[in-house]
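What you see is a predicted model; the values in this text were computed from it and never measured. Computed from heavy atoms alone, side chains included, the values below leave out hydrogens, waters and symmetry copies.
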2 protein chains.
Amino acid sequence: MDFKDSLESDYREILRSYLKESNEIALYRGQKFSRESIKQQISPEEIISLHCRVLQDLFPDIQKEVLSSFDFLLEVMMDYGLAYQEHQSLRDRQL
Amino acid sequence: MDFKDSLESDYREILRSYLKESNEIALYRGQKFSRESIKQQISPEEIISLHCRVLQDLFPDIQKEVLSSFDFLLEVMMDYGLAYQEHQSLRDRQL
């Protein structure tokens with residue numbers, strides 16, 4: 001199973017462990033996840049969407065409005081995603 | 001009052017209106033906010049932190065774990081922030 005296939009289950013597992021133990025190891029795993037997802041060209045808005053799905057999974061009674069707020073955050077983050085894509089293509093051109 | 005000073009109150013106002021009416025106008029205001037925050041060099045992790053503060057404000061009874069999950073999302077988003085800064089400096093160098 002490659003990184004993209006296991007993205008959601010990995011994120012769920014690391015976030016669950018962070019919420020349970022809130023320690024440096026979980027944060028370190030979060031940073032590692034982040035570096036890998038940048039390498040795999042996962043956009044920032046995909047991370048927001050992933051976070052929202054995992055929260056829904058971990059907390060089935062989460063407030064409806066809090067979930068809806070993620071649709072808004074996703075929209076705001078889309079322009080950052082575009083800027084980030086631009087960054088990738090500028091960097092590729094310079095290599 | 002400049003954009004950075006009014007950042008939180010603007011975001012709170014736009015998100016509140018989005019959650020109330022969930023319409024295209026609120027989404028459009030979200031996109032406008034996003035473009036302005038990129039122009040003002042607000043990092044993606046600052047947006048996550050802002051979203052979390054505003055949720056706490058709008059929903060004082062939000063689950064503690066959901067709030068803690070934002071600390072984790074913020075950590076994950078930090079590397080995206082660095083990639084984004086790199087993008088800014090590459091672009092500045094090309095101008």
Contact check, side chains of B/V76 and A/I14, non-hydrogen atoms, under 4.5 Å: no
Centroid-centroid under 6.0 Å between A/Y11 and B/F72 rings: yes
Test side-chain hydrogen bond (donor to acceptor under 3.5 Å, both in side chains) applied to A/S43 and B/Y80, step by step: CA-CA 9 Å; A/S43 68; B/Y80 282 88; over 6 Å; no
Flag if over 12 foreign heavy atoms under 6.0 Å of CD, A/E24: no
Option that, when pairs with chain A are counted at under 4.5 Å, heavy atom only, ranks first among B/L73, B/L55, B/I62: B/L73
Proximity breakdown for B/I42 and chain A, heavy-atom pairs closer than 4.5 Å: both
Chi angles and distances behind the side chain to side chain contact (heavy atoms under 4.5 Å, CB included) call for A/L27, B/D71: CA-CA 9 Å; A/L27 272 185; B/D71 293 331; over 6 Å; no
Interface residue of largest heavy-atom contact number with chain A, from B/K64, B/Q63, B/E65, B/M78, under 4.5 Å: B/Q63
Side chains of B/S34 and A/M77 in contact at under 4.5 Å (non-hydrogen atoms): no
Atom pair NZ (B/K32) and CG (A/D79), whose distance is rounded to the nearest 0.5 Å: 13.5 Å
Close aromatic pair by centroid cut-off 6.0 Å: B/F70 and A/Y18: no
Interchain contact, A/L19 with chain B, by part (heavy-atom threshold 4.5 Å): side chain
